[in-house]
Protein chains: 2
Amino acid sequence: MVKAKNTSFDIAYRAGVSQSTVSRALRNSPLVNEETRLRVQAIAKELNYKVDKNASSLRTQRSGTIALLLFEDPTNDDSLINPFFMSMLGSITRACGNKGYDLLVSFQQMSHDWHADFEDTRKADGIILLGYGDYTDYEEKLIQLIEQETHFVRWGAEVKDLAVVSVGCDNFQGGYQLTEHVINNNRKNFAFLGGVSSGSPEFLDRYLGHCKALTDHNLVINTQLQFDAISTEESGHNAALNLIKGGEKFDAIMAASDLIAVGAMRALQEHNMRVPEDIAVFGFDDIPVASFTFPTLTTAKQDTMLAGELLVDKLLALVNGEEAKTELMATTLVVRQSCGSGH
Amino acid sequence: MVKAKNTSFDIAYRAGVSQSTVSRALRNSPLVNEETRLRVQAIAKELNYKVDKNASSLRTQRSGTIALLLFEDPTNDDSLINPFFMSMLGSITRACGNKGYDLLVSFQQMSHDWHADFEDTRKADGIILLGYGDYTDYEEKLIQLIEQETHFVRWGAEVKDLAVVSVGCDNFQGGYQLTEHVINNNRKNFAFLGGVSSGSPEFLDRYLGHCKALTDHNLVINTQLQFDAISTEESGHNAALNLIKGGEKFDAIMAASDLIAVGAMRALQEHNMRVPEDIAVFGFDDIPVASFTFPTLTTAKQDTMLAGELLVDKLLALVNGEEAKTELMATTLVVRQSCGSGH
DNA sequence: CTGAAAGCGCTTACAG
DNA sequence: CTGAAAGCGCTTACAG
């Protein structure tokens with residue numbers, strides 16, 4: 001037989017107080033006598049009583065939960081999620097835990113209607129948006145969320161003309177710094193693998209920073225050496241194959257993400273081009289794989305731990321009716337072996 | 001001004017019916033007239049009304065939510081979660097979505113008291129346990145969960161003597177199949193990298209399958225060539241360095257996991273030992289990285305999509321008071337380049 | 001400091 | 001097929 005769950009009334013009965021007092025005692029209300037509080041808490045613990053969150057959330061209209069919407073383009077392998085977002089998921093989960101919030105996770109297809117009604121159903125107090133994909137589709141949904149007065153924050157480049165709180169990296173500066181580092185390693189002919197349209201604003205910013213570094217050092221921007229790619233290993237592999245096939249001379253590849261870089265290195269190695277001796281390769285993100293490749297990958301680290309904290313902090317501020325501002329984090333140059341000067 | 005949220009009473013008022021009828025209509029109850037139902041649903045949609053889950057969960061004592069406890073040993077990099085479990089997380093999330101359940105995710109330290117009170121607080125109807133670490137610590141917590149009559153399932157090897165529903169892979173068979181494949185590629189001296197104690201039952205089973213394949217093919221099990229490792233790249237790297245330092249002759253390495261294999265390949269390449277020409281290397285799991293390494297990694301695939309579905313299905317069966325049985329899935333041999341016969 | 005009571009927004013027996 | 005009413009288990013003004 002399953003024993004019926006204890007309620008605050010059961011605790012009250014055992015403690016010889018009213019149910020109201022139990023509720024106050026368990027919430028550490030200053031309105032309750034110290035001794036009473038301790039007695040109630042002891043009994044609650046003994047009976048393994050836990051406050052029913054559905055009831056308390058219904059009463060307080062607060063769920064103590066945040067929803068994370070991880071959206072993505074369809075991939076052939078359903079289980080393959082961009083490792084960078086996986087790191088973010090990890091840090092967001094931890095940041096939520098530190099704040100005493102639970103995290104509801106939901107994967108969404110970029111192309112579908114988002115199941116973003118967690119706040120409407122009162123299951124979550126606010127939403128964190130995380131993902132990539134064509135920005136054009138994305139913007140419409142943001143507008144919808146704003147109209148519904150949903151509390152939300154997002155990871156990514158700043159959104160202009162919309163009252164949206166974003167946390168992102170300074171992609172321009174990151175692209176600049178990486179490129180400058182490799183220029184200082186005496187590379188002159190840079191290829192760039194990654195989409196550079198407004199549909200992928202992060203990649204575009206990285207590219208613009210890259211180009212600025214080139215011109216600041218009196219190097220030529222050769223658009224023949226730019227090939228589109230999305231952030232997958234396969235796409236990076238394809239782009240690098242096209243680059244090689246193109247026949248233009250190059251001695252360095254900036255990949256718009258680490259995953260692209262990994263694919264590019266595979267293509268180079270298949271063509272017996274040595275990294276870094278013949279070609280320097282560098283990426284962006286510093287995903288875990290970046291330190292496992294051979295050679296290990298020079299990249300710009302995005303601080304996912306900090307990002308997770310910022311996203312959660314800002315969302316909770318919004319939930320509490322406070323102000324929150326978009327924030328751009330600096331990236332950190334991580335020098336490894338793939339550009340020839342690493343350890 | 002924030003507009004007050006609509007309730008079922010508002011919908012009832014607009015539709016000219018009682019609130020009970022609204023509730024029935026929105027739940028597609030057969031008790032409600034077709035025409036009435038459509039009218040109510042139209043109005044609800046128009047007003048963007050969503051049923052308050054806190055209220056309905058309180059009433060029905062069902063949350064429509066599953067909690068996933070992902071526990072792990074502390075790692076130096078907090079954001080680095082075992083990619084295999086990340087794949088599992090992905091498939092579990094999808095499986096939950098397909099069943100109309102939400103997923104609450106929580107990371108736990110193996111060593112800490114688990115925050116496993118999601119069911120006690122009525123935030124979740126059941127719990128999925130996912131993780132690795134020393135099995136000895138783990139068992140105590142399982143017993144605690146059973147005593148609390150918590151609904152839960154877990155990923156991993158079958159647990160003896162405990163009424164626990166597990167979903168796992170046939171690690172013995174996987175180890176056997178992989179080893180046999182490499183034996184057929186004319187390797188004779190096998191090293192094994194991975195812990196082989198009862199604290200890591202999955203690794204132990206893989207090792208036992210490996211050993212069985214060796215003896216079945218009249219090869220010697222050389223315990224000098226077994227080195228402990230946990231499932232990280234670094235640990236695999238260290239174990240391989242020790243193996244190389246040991247000076248025993250070997251021409252193949254079975255790594256207890258892909259992450260260990262990746263670390264081992266790095267160590268080999270640092271010592272100018274070619275994979276697969278000099279040494280065949282194979283892993284276990286088929287994590288995404290396995291197809292990106294150079295050379296790509298031969299391994300045994302654990303079907304994470306199926307695993308996620310099974311875990312969710314079995315948990316929901318338990319939640320509904322039905323029977324659920326422990327299930328062992330077959331692994332699939334994935335032949336790539338690292339053992340010399342791949343494409 | 002404590003208690004009695006209202007009410008959060010639903011679902012579902014019960015009565016018709 | 002529909003409605004009035006009870007009740008899920010809390011939190012918190014209100015009264016003392």
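Toward the 5' end of DNA chain D, the nearer of the two residues B:Ala55 and B:Pro30, judged by each one's closest nucleotide, is B:Pro30. Across the interface with DNA chain D, nearest-nucleotide mapping of B:Leu58 and B:Gly16 shows B:Gly16 to be the residue nearer the 5′ end.
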Tell me, what's DNA chain D's dot-bracket, Watson-Crick or G-U with both distances under 3.5 Å, | for other-strand, [ ] crossing? |||.||||||||.|||
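The pair A:Lys99-A:Asp313 meets the salt-bridge criterion, with a side-chain N (NZ, NE, NH1 or NH2) lying under 4.0 Å from an Asp/Glu carboxylate O.
Distances shown here put every side-chain N or O of B:Ser18 at or beyond 4.0 Å from the OP1 or OP2 atom of D:dT2. Taking side-chain N and O atoms only, A:Arg24 has no distance below 4.0 Å to OP1 or OP2 of C:dG3. At C:dC10, one or more side-chain N or O atoms of B:Ser8 fall inside 4.0 Å of OP1 or OP2 (strictly under the cut-off). Applying the 4.0 Å criterion to OP1 and OP2 of D:dC10, one finds that A:Ser56 has every side-chain N and O outside that range. Residue A:Ser20 has no polar side-chain atom (N or O) positioned under 4.0 Å from OP1 or OP2 of C:dT2. Of the side-chain N and O atoms in A:Gln61, one or more sit less than 4.0 angstrom from OP1 or OP2 of C:dG9. Note on B:Tyr49: every side-chain N or O is 4.0 Å or more away from OP1 and OP2 of C:dG9. Contact annotation: A:Thr21 side-chain N/O to C:dG3 OP1/OP2 distance is under 4.0 Å.
The closest donor-acceptor contact from the side chain of B:Asp117 to the backbone of B:Asp120 lies at 3.5 Å or more, if one exists at all. Remark: the backbone N or O of B:Ala25 is paired with a side-chain donor or acceptor of B:Gln41 at under 3.5 angstrom. Between the side chain of A:Arg154 and the main chain of A:Ala157, a donor-acceptor pair closer than 3.5 Å is present. A:Thr21 places no side-chain N or O within 3.5 Å of a backbone atom of A:Val17 that could act as its donor or acceptor partner.
For A:Asp52, whose side chain is taken as the heavy atoms from C-beta onward, the closest listed nucleotide among C:dT11, D:dG9, C:dC1 is D:dG9.
One atom, NZ of B:Lys53, and another, C1' of C:dT11, lie 13 Å apart when rounded to the nearest Å. The distance from atom CD1 of A:Ile11 to atom C1' of C:dG3 is 18 Å, rounded to the nearest whole Å. The NZ atom of A:Lys123 sits 16 Å away from the C1' atom of C:dG9 (whole-angstrom rounding). The interatomic distance linking B:Asn54 (CG) with C:dG7 (C1') rounds to 15 Å, in whole Å. Rounded to a whole Å, the CZ atom of A:Arg37 is 14 Å from the C1' atom of C:dC1. Between B:Asn6 atom CG and C:dC8 atom P there is a gap of 15 Å when expressed in whole angstrom units. Look at CG on A:Leu31: it is 16 Å from P on D:dA15, rounded to the nearest Å. Remark: C1' of D:dC8 and CZ of A:Phe9 are 11 Å apart, rounded to the nearest angstrom.
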Test side chain to side chain donor-acceptor pair (under 3.5 Å) on A:Lys123 and B:Thr65 and set out the steps. CA-CA 10 Å; A:Lys123 278 196 104 159; B:Thr65 303; 2.4 Å; yes
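In B:Arg39, the CZ atom is crowded: over 12 heavy atoms of neighbouring residues, nucleotides or ligands sit closer than 6.0 Å.
Nucleotides D:dT12 and D:dG16 are separated by 16 Å at their C1' atoms, to the nearest Å.
Counting any heavy atom pair closer than 4.0 Å across all strands shown, A:Arg122 reaches no nucleic acid atom. Among the atoms of the strands shown, none is found under 4.0 Å from any heavy atom of A:Ser57. Among the heavy atoms of the strands lying under 4.0 Å from A:Thr60 are primed sugar atoms or P, OP1, OP2 only; no base atom is included.
Within the 4.5 Å cutoff, the side chain of A:Arg14 has heavy atoms near those of the A:Leu47 side chain.
Contact of B:Arg59 with D:dG9 (side chain to base): no donor-acceptor pair of N or O atoms is detected under 3.5 Å.
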